[in-house]
Structure formats: structure tokens, C-alpha cells
Peer 1: 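Here it is, the structure in full.
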Amino acid sequence: MMMAVSFTRYGRLYYLDPGEHRPKVGDKVLVPTDAGPEVAECVWAPQWVSEEVDGLPVCAGLAGEEHLGRDEANRRRRAEARSVAKRLIKRHELPMKIVGIDHLDADNVYTVYFSAPHRVDFRALVRDLARNLRARVELRQIGPRDEARLQGGIGPCGRDLCCATFLKDFEPVSVRMAKDQDLPVNPLRIAGACGRLMCCLKYEHPLYQEFRASAPRVGAAVSTPEGAGTVVGHSVPSDSVVVRLNDGGRRCSCSRASVCSPRRQHDARYGDARPAADGDPPDQGGPFS
């Protein structure tokens, strides 16, 4: 059994072993952390999974009124700390931007995450923050990708950012991946909200590699359900190729299977098979027949 929770709306998913508990979607549950149980929202109800997964933390149960009250108090403290930090940053005239704040009430420690174009001397700021908040304060500078993950937003595709929803880890992305996907090598076209190369270039790349390994190359002569023609383009998302027909030069979109399968598989798929007449040569079933 496995379930998924999130500490913030559209935040990163964390997977738990539900144990003896069966929370529903939207219920507040307790998640064990190094600082003690924390309140999170169930976004994926417990269900059986086919894979054997070990080492998941066990859900500590449904959150009670005491836990919900403590969680709300921590939210107010974080909001107050953000306001104080912005005011002091402006007073010290530092080129910093507050991205997020964590608070551990057990240790009375604030962790302030910020972004900046370069290294910042924030020693005086830390002293003023600790004095105003009456707690220990830690400042941590994060990169543009982590900033986009914490803040969230809308990507060039019009959907919520991958890093703020389902993407767990950042992996290296190269311009070569954009070239393999026939995308324009223009930083404005292949960059995400963080200003770096889009993460989808990485996790969609294997799909393009698999397609190109089996699809006929551009310029290859193929036989389609509408007649013989020449491949002039690929459409990986629809798993199809664009073919210019020899008869009239009209273009058509055909599934990869219809132009890559042996003739017998093609006929079986489209129902065009006819019984072989006497004297017909045997069907050899070439790769592009």
C-alpha cells in the first residue's frame, strides 16, 4: 500500500506507507520528519501498487485539532518572518529576494531561502533578523531552478511548472536534446520560467530516441494505406510520419506502424489483405514495404 501527500498546494509529492490508516483525498495527515510529525494533505489515497517498495516512512495518523492549530500558528510565524525579512533587506539595501521560509517550532529556528545574482554579505541582516524574530535564523541561497520550484508558476506550455508539481529531481539538460527534438535553438523558445533549459527536454528525450530508431528517415520511400510516397516529416507526439504521396504530391499523416510494419502486419491492421492469386510472388515483408 502506498499514498502521497503534499505540504503545500501544488507542492512536491511525498510517498508514505499508510500503515493501518486509510485517509481520503483532502484529509490532513501526520508525516514523520526529523523535527517531529508535520501536517500534510493527502493527495493520493492509499492503494495497492504492483511494485515492491521498501523504506517508505509510515503515516502517523490523521491530524487532530492540536496538530492543526500548531500548523496554523507556524503558518502565521512564517508570514510574519517573511514580512520582517523583506523590510530589513530593504533597509540594508541588499540585492536579495525572499523565496521561502521554514520554521521549526521545537527548536525555534527560521530558515530563510533567498535568491540573488551573486554572493551576498548578509551577516548584519542575520543579526537583525534574529533580534526581531527572537529566534535563531539561517539564510540559504538557492539557484533559479529551486526558486521556480518553491514559487511555482505557469510554463511556456500553459500548464503548471513540472518542478512545482511532479518532478522530483533536476537532471542535466543539454541543447543537443532540443536539436534531437527538432526545436529551434533559441534560448527564448527552449527556456523555462527559471531561465534555464526546460526540464521536459530531458524526460521526453527517450521518446524521441525510440521513435527515430524505428521510424523511416526523412526522404525514405514508403508505402501507406493511401499509396506510395516519400517521408517528409515526423510527428513524435502523435507517433506518426508525414508522407508526400507520389500520386499528385498530396501530403498525408500516417501512423508509424502503417509505414514501418511488414506488409502482412499492415494488411492485418487495415483489413486490406486479399488471398494470394496463383503466380503471385511470395510476400517477403521488408522493413518499409
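Note that this is a predicted model, so its numbers are computed, not measured.
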Peer 1: Distance-only, no hydrogens or angles: does the Q47 side chain make a donor-acceptor pair with backbone N or O of M1 under 3.5 Å?
Peer 2: no
Peer 1: Would you say CG of D247 has more than 12 non-hydrogen atoms from neighbouring residues, nucleotides or ligands within 6.0 angstrom?
Peer 2: no
Peer 1: How many angstroms lie between CG in D102 and OH in Y110, if you round to the nearest 0.5 Å?
Peer 2: 11.5 Å
Peer 1: Go through the steps to decide whether Y208 and D180 satisfy the test side chain to side chain contact (heavy atoms under 4.5 Å, CB included), and finish with yes or no.
Peer 2: CA-CA 7 Å; Y208 284 80; D180 290 344; 5.6 Å; no
Peer 1: Does R22 have more than 12 heavy atoms from other residues, nucleotides or ligands lying within 6.0 Å of its CZ?
Peer 2: yes
Peer 1: Can you give me every donor-acceptor pair (side chain of residues 62-83, partner residue at least two apart or in another chain, under 3.5 Å) with its distance?
Peer 2:
{"from": "H67", "atom 1": "ND1", "to": "G64", "atom 2": "N", "distance (Å)": "3.2"}
{"from": "R70", "atom 1": "NH1", "to": "D105", "atom 2": "OD2", "distance (Å)": "3.3"}
{"from": "R70", "atom 1": "NH2", "to": "P37", "atom 2": "O", "distance (Å)": "2.8"}
{"from": "D71", "atom 1": "OD2", "to": "R75", "atom 2": "NE", "distance (Å)": "3.2"}
{"from": "N74", "atom 1": "OD1", "to": "R77", "atom 2": "NH1", "distance (Å)": "2.9"}
{"from": "N74", "atom 1": "OD1", "to": "H103", "atom 2": "ND1", "distance (Å)": "3.3"}
{"from": "N74", "atom 1": "ND2", "to": "R70", "atom 2": "O", "distance (Å)": "3.4"}
{"from": "R82", "atom 1": "NH2", "to": "V99", "atom 2": "O", "distance (Å)": "3.2"}

Peer 1: Using distance only, find each side-chain donor-acceptor pair of residues 133-142 under 3.5 Å and give its atom names and separation, not counting sequence neighbours.
Peer 2:
{"from": "R136", "atom 1": "NH1", "to": "E138", "atom 2": "OE2", "distance (Å)": "2.9"}
{"from": "E138", "atom 1": "OE1", "to": "R140", "atom 2": "NH2", "distance (Å)": "3.4"}
{"from": "Q141", "atom 1": "NE2", "to": "A116", "atom 2": "O", "distance (Å)": "3.3"}
{"from": "Q141", "atom 1": "NE2", "to": "H118", "atom 2": "O", "distance (Å)": "3.4"}

Peer 1: Indicate whether any N or O donor in one side chain lies under 3.5 Å from an N or O acceptor in the other, for H234 and D182.
Peer 2: no
Peer 1: Got a sec, which residues hit salt bridge (charged side-chain N to carboxylate O under 4.0 Å, His left out) with R159, two or more places apart in sequence or on another chain?
Peer 2: none
Peer 1: Check whether more than 12 heavy atoms from other residues, nucleotides or ligands sit under 6.0 Å from atom CZ of R189, and answer yes or no.
Peer 2: no
Peer 1: For K24, is there an ion pair with D27 - N to carboxylate O distance below 4.0 angstrom?
Peer 2: no
Peer 1: Please determine which of L30, L16, V39 meets the side-chain contact (heavy atoms from CB on, under 4.5 Å) test together with V5.
Peer 2: L16
Peer 1: Can you tell me how far apart CE (M198) and SG (C162) are? Round to the nearest 0.5 Å.
Peer 2: 9.5 Å
Peer 1: With rounding to the nearest 0.5 Å, note down the distance linking OH in Y15 to CE in M3.
Peer 2: 12.0 Å
